[in-house]
Amino acid sequence: MTVKVAPSILSGDFAVMGTETVRMQKAGADMIHCDVMDGVFVPNLTFGHKMVSDIRKYVDVPLDVHLMITKPERYLDKYVQAGADRLSFHIEATSSATENLMSIKNSGIKAGIAVCPETPITDIFPLLDYLDYVIVMGVHPGFSGQKYIPETTERIMRLAEEIRGRKLSVEIEMDGGANENNVRMIAGAGANIIVSGSCAFNSPTPEKVIAIFQCRD
Ligand code: DX5
Ligand code: ZN
C-alpha cells in the first residue's frame, strides 16, 4: 500500500511561500496542494492564480490546485495558465460541473471534483466518467488543523467500490484532518492521495511525516 502525499500550503508561511514549497519538495512531497479560497464559498480567504504561477517557478512536482470558490468556471483558464497540473472545484459551488470538467481536461491537465462532508457521496457518481480524481473532504473546508470527521472513511470506501465496480481509474484524494494515526485507515479505505496541511508544515521533520503518510510497506 502506497499513497501520494500532497502538503497543503495553507499551513505554510505565506510571506515566503517559494521557500516553503521547496522545503516540502525536499522532504519528499509527491505534489503541492494549493488551497484557493474566496471568502464566500468558505469563510476564509487565501490567494489567487498569481500565487500558483509564482510557486510554479520554485518546484518541479505537480501543483494540485483545490478551488474553494463560487462559480469556479469564471477562473479555470487562469489556473491552467498559471501552471496547475491538477485542478479541482467543488460540486456544491457550480451548476455546470460537467462543462467545467471537460474544459479542464481539454486544457491537457487532470480534472477533479471536491465534495464537502455533508454532500452525499453518490452525488459524484454521475460525473465519474469525466473525472481524473475526487477530493473527499475529511473536514468542513476553510481551515487547516481541524479534526477528521470519522464518517469520511465510509464515504471513501463507498466511492472506491463504485470506481472499482465500473472499472474506472479515478483517483481518490482525501483532504483534511489526516494525521500519523489515521493515515493507514484512510489509505486502506481506498485513498490514493492524502493532503497534509498542519502535520507536514508544523513538524520540525516533515520528511518523517511525509514518509509515514506515504504508507510504504
Ligand atoms: C481545508 C483545506 C485543506 C487543509 C488541510 O479547507 O482544503 O487542504 O489545508 O489541512 P490539515 O491537513 O491540517 O487538515
Ligand atoms: Zn484542500
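The model shown is predicted, which means the values in this text are computed figures rather than measured ones. Counting starts at 1 for both ligands and their atoms, following the listed order.
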### Task
List the steps and the verdict of salt bridge (charged side-chain N to carboxylate O under 4.0 Å, His left out) for Glu162 and Arg166.
CA-CA 6 Å; Glu162 180 73 12; Arg166 285 167 56 180; 3.1 Å; yes
### Worked verdict on Met68 versus Val36 for side-chain contact (heavy atoms from CB on, under 4.5 Å)
CA-CA 6 Å; Met68 284 161 274; Val36 176; over 6 Å; no
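Around the Zn ion (ligand 2), the protein N, O or S atoms found under 2.8 Å comprise His33 NE2, Asp35 OD1, His66 ND1, Asp175 OD2.
Ring geometry, Phe41 versus His90: the interplanar angle falls from 30° to 60°, so the pair is classed tilted.
A salt bridge does not link Arg164 to Glu161: none of the charged nitrogens lies less than 4.0 Å from a carboxylate oxygen. Taking the charged nitrogens against the carboxylate oxygens, Arg23 and Asp13 have no contact shorter than 4.0 Å, which rules out a salt bridge.
Counting only heavy atoms from C-beta outward, the side chains of His140 and Glu118 approach each other to under 4.5 Å. For the pair Glu207 and Met24, the minimum side-chain heavy-atom distance is 4.5 Å or more.
Across Lys110, Lys105, Arg86, a single residue satisfies salt bridge (charged side-chain N to carboxylate O under 4.0 Å, His left out) together with Asp132, and that is Lys105.
Tyr58 OH: 12 or fewer foreign heavy atoms inside a 6.0 Å radius.
Ligand 1 lies under 4.0 Å from heavy atoms of Ser8, Leu10, His33, Asp35, Met37, His66, Met68, Met137, Pro141, Gly142, Phe143, Ser144, Gly145, Asp175, Gly176, Gly177, Val195, Ser196, Gly197, Ser198.
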